[in-house]
Structure formats: C-alpha cells, structure tokens
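Just follow the structure's listing: the first ligand is 1, and inside any ligand the first atom is 1.
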Amino acid sequence: MMKALQKRVAGPGLELCEVEIPSIRPDQVLVKIEMAAICGTDLHIYNWDTWSENRIRPPRTVGHEFTGRIVQLGKDVVGLREGMLVTAEGHFTCGRCYYCRTGQGHICDDVKILGVDVDGIFAEYAAVDAKNIWPLKEDGDPAVGAIHDPLGNAVHAAYAHCLTGQNVVITGCGPIGLFCVALARQAGARRIFASDVNDYRMDLAKKLGADYVVNAKEDDLAAIVHQVTGIGADILLEMSGSRQALASGLDALRKGAAVSLLGIFSDRVDMDLDGVIFKQLTLYGINGRRIFDTWFQMEAALEAGLDVSPVITHRFGFEEYEEAMALMNSGRCSKVLLLP
Ligand code: NAD
Ligand code: ZN
C-alpha cells in the first residue's frame, strides 16, 4: 500500500488516502516519487471548477510534475534502468493520429494527461509510460527536475522567437512567466519588461532578471515600453490569460513584432484584430511542449547555466497539502513542492 492524494468524490478538496501501489503494464515503469510540484491544473482540480467537473472522473490520484526514481521496469521496456533519476512528459500521445504521425504529438487528437485522465504522481509511487520518461542528471537539482513540465511550456513559448538583442514583454509573472524572464535573460534579450498585478510575483520577476517590472493595475505597460524603446517591443510572451494584459501587451509592440500566446483565457476574448493586421503582427498559439524537441532545448538551457531555482518558493509534506493549496490560492507563492 502507499499514500496518495486523491480526488475521491466529485467536489472541492482532495483526500490523503492509503491505496494500492499501482501495477505496471509491460510498456510502463514504476517510479518512486521523491518530489512533486503543484501546477495550476492541480489547483483547479482541488477547487473543482467547471473544467474539472467535466474532465475528472473520481477516484483519481492527481499531480503530474515530479522527480522520482525508477524502481521497476515493465517487461518490454528498453533503454531505462532501475535506480534512474527521472521526470516525465505528462501528455501520453496516441501515436496513431495525423499529428502524432507528423511529429506534432503535442497536439495529439487523443491525448491522455497524467493526473487528469490517468492516475498521477501525488503519491509514493506512480506508473508512467516508458516512452514518456525523461532521465535527469544525477548531479542536477531534483527540485528543478520536478518543474520540467512548466519550464518546458516556457521554453516552447520563448523559443518560438530569437530573443537575442530584442525588447521582450512578458505579461504575467506566474511560474511560467518567471521562467520566460530567465530564458529571455539567458538568450541575451536587450530589455525585459514584465508585468503582473501581484507584488510578491513582481519581486520575483526582478530577482530573475527583468529590467522593468510593471504593476498592470497602477501603470501603463504600453506607455512605459514605448517610452523606453522609442519604437515598441519586438516580442510579447503572453503568460497571464488576462484580457487586459493581452491588450496592453499588443499595444506595447512595434510593427512587425511577434507574439506567443500561452496564457489560457477563461472566456472568449474580444481583441483589436485590425491592430494586428495594420501592425502586421505574427501570433503563435503555444500548446504544451514539443515532444521531445522542447525537452532537449530545456536540457541544453539548464546545462548552459539557466537558473530557475528562485521560482521554487515553498515546500510542504504531503500531509500539509491543505496548507499548500491555500497558499496557492492566495497567490503569495510561485512554485510549491509537495514531498511524499
Ligand atoms: P499563474 O496563474 O500562476 O500566472 C498568471 C499570472 O498572471 C499571475 O501571477 C497573475 O497575477 C497574473 N496576471 C493576472 N492579471 C494580470 C494582468 N492584467 N497583467 C499582468 N499579469 C496579470 O499561471 P502559470 O502557471 O504561470 O501559467 C501561466 C498561464 O499559462 C495560465 O493562464 C495557465 O493556465 C496557462 N498554461 C497554458 C499552457 C498551454 O499549454 N498553453 C500550459 C500551462 C499553463
Ligand atoms: Zn495522437
């Protein structure tokens, strides 16, 4: 038996319960979880929003961001060893659809998500498809291993553009926006403008290397960017899912600029499309992580010295999960780890 944080009934909350250690399929490995990280998705499931109500079928062990060690190999698994320190891509792709067969598995038609559609990793052990395992360096920080999934989102969004020498605007300084600040700094951006409405997160953006941190409630991001650059920014990374942030981010751009849209808008967005046309902007929708192109880019960025450790602000034991979720709901944190 093992401890697991499960959604037992359709409704708010989670339960720390004793369940059986999962048995693995021949193409899976059993991982002993050493560190887990809480994602916004886990918080949605905990709070039980409309998306969760439509998607989650209890009982379900939640969580998908982790570092762990392989303790058992399915009989068909090759290329992995017991004892390996690993994390995993949490999207299990079908391998058969048009997208999977054209190297675009990140937009698979029949994706299953760890901790959403199948049992996840807020547990002492988890069964994970071997093809999704990403081995970690033994001498790396295991806490950074546990945040590869959201860091990969940031890499996917940021590396859609050459950031070197560019004026980059990042709207939203949640964990993923903060990763973008660090990536833009490492890539040699000329100036980084970051915005949020939360002082705690704005302070972290400064720490990670943003040159200008704007409180979107108090100051006019677009006016500041135009004043500093004289022409407008070259790139917008939209990491908030806020309509106001998108509008001010687009206003901050020069003509011919490019945009990555990663933040998810809970409602339909009215936007100034004529502005996009007359400014000749290029908009990129960013979904998940390219499998595994983004992972290799992330590994390279980390090996070259990318330091995202300041984004990890809190650690809790599994039994303190209520406190951890309350802190996540308060917004006075960035990445929160759960230790089994
Ligand atoms: P988060 O909710 O922690 O961060 C969003 C930040 O935006 C918060 O700090 C919030 O204070 C800030 N914000 C709110 N209003 C703002 C405004 N007007 N101006 C500037 N900032 C504002 O989320 P996260 O985990 O960092 O993820 C970022 C976004 O990306 C979320 O919307 C999330 O749902 C989405 N997401 C998308 C994908 C994808 O595949 N596209 C994957 C993961 C997450
Ligand atoms: Zn597919």
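For I286, a nitrogen or oxygen atom sits less than 3.5 Å from a nitrogen or oxygen atom of ligand 1, counting backbone and side chain alike. Between G288 and ligand 1, at least one pair of N/O atoms sits closer than 3.5 Å. Polar contact check, C173 against ligand 1: no nitrogen or oxygen pair lies under 3.5 Å apart. Ligand 1 has an N or O atom lying under 3.5 Å from an N or O atom of D196, backbone or side chain. Close N/O approach between S242 and ligand 1 is found [any backbone or side-chain N/O within under 3.5 Å]. Considering backbone and side-chain atoms alike, M239 places every N or O at 3.5 Å or more from each N or O of ligand 1. Annotation: I176 places an N or O atom under 3.5 Å from an N or O atom of ligand 1; distance criterion only.
Residue, atom and distance of the protein heavy atom nearest to atom 37 (C) of ligand 1 are L262 O, 3.1 Å.
Near N153, the atoms of ligand 1 lying under 4.0 angstrom from a non-hydrogen atom of the residue are 42 (C), 43 (C). Residue contact check: G263 has heavy atoms under 4.0 Å from atoms 29 (C), 30 (O), 32 (O), 35 (C) of ligand 1. Close contacts between ligand 1 and S195 involve ligand atoms 20 (C), 21 (N) [criterion: under 4.0 Å to a heavy atom]. The ligand atoms of ligand 1 that sit less than 4.0 angstrom from a heavy atom of R201 are 1 (P), 3 (O), 4 (O), 8 (C), 9 (O). Under a 4.0 Å criterion applied to the non-hydrogen atoms of N287, ligand 1 contributes the atoms 40 (O).
By the definition of a contact as any protein heavy atom under 4.0 Å away, atom 23 (O) of ligand 1 is not in contact.
Within the 4.0 Å heavy-atom criterion, the part of A216 lying near ligand 1 is the side chain and not the backbone.
Note that the CG atom of L30 and the CZ atom of R25 stand 13.0 Å from one another [nearest 0.5 Å].
A perpendicular orientation is assigned to the rings of F318 and F122, their planes being inclined by more than 60° (bins at 30° and 60°).
Here M202 is tied into one hydrophobic group with V213, each link being a pair of ILVMFWY side chains closer than 4.5 Å.
Between the side chain of R60 and the main chain of V116, a donor-acceptor pair closer than 3.5 Å is present. Remark: the backbone N or O of A143 is paired with a side-chain donor or acceptor of D141 at under 3.5 angstrom.
Angle SG(C97) to the Zn ion (ligand 2) to SG(C108), rounded to 10°: 120°.
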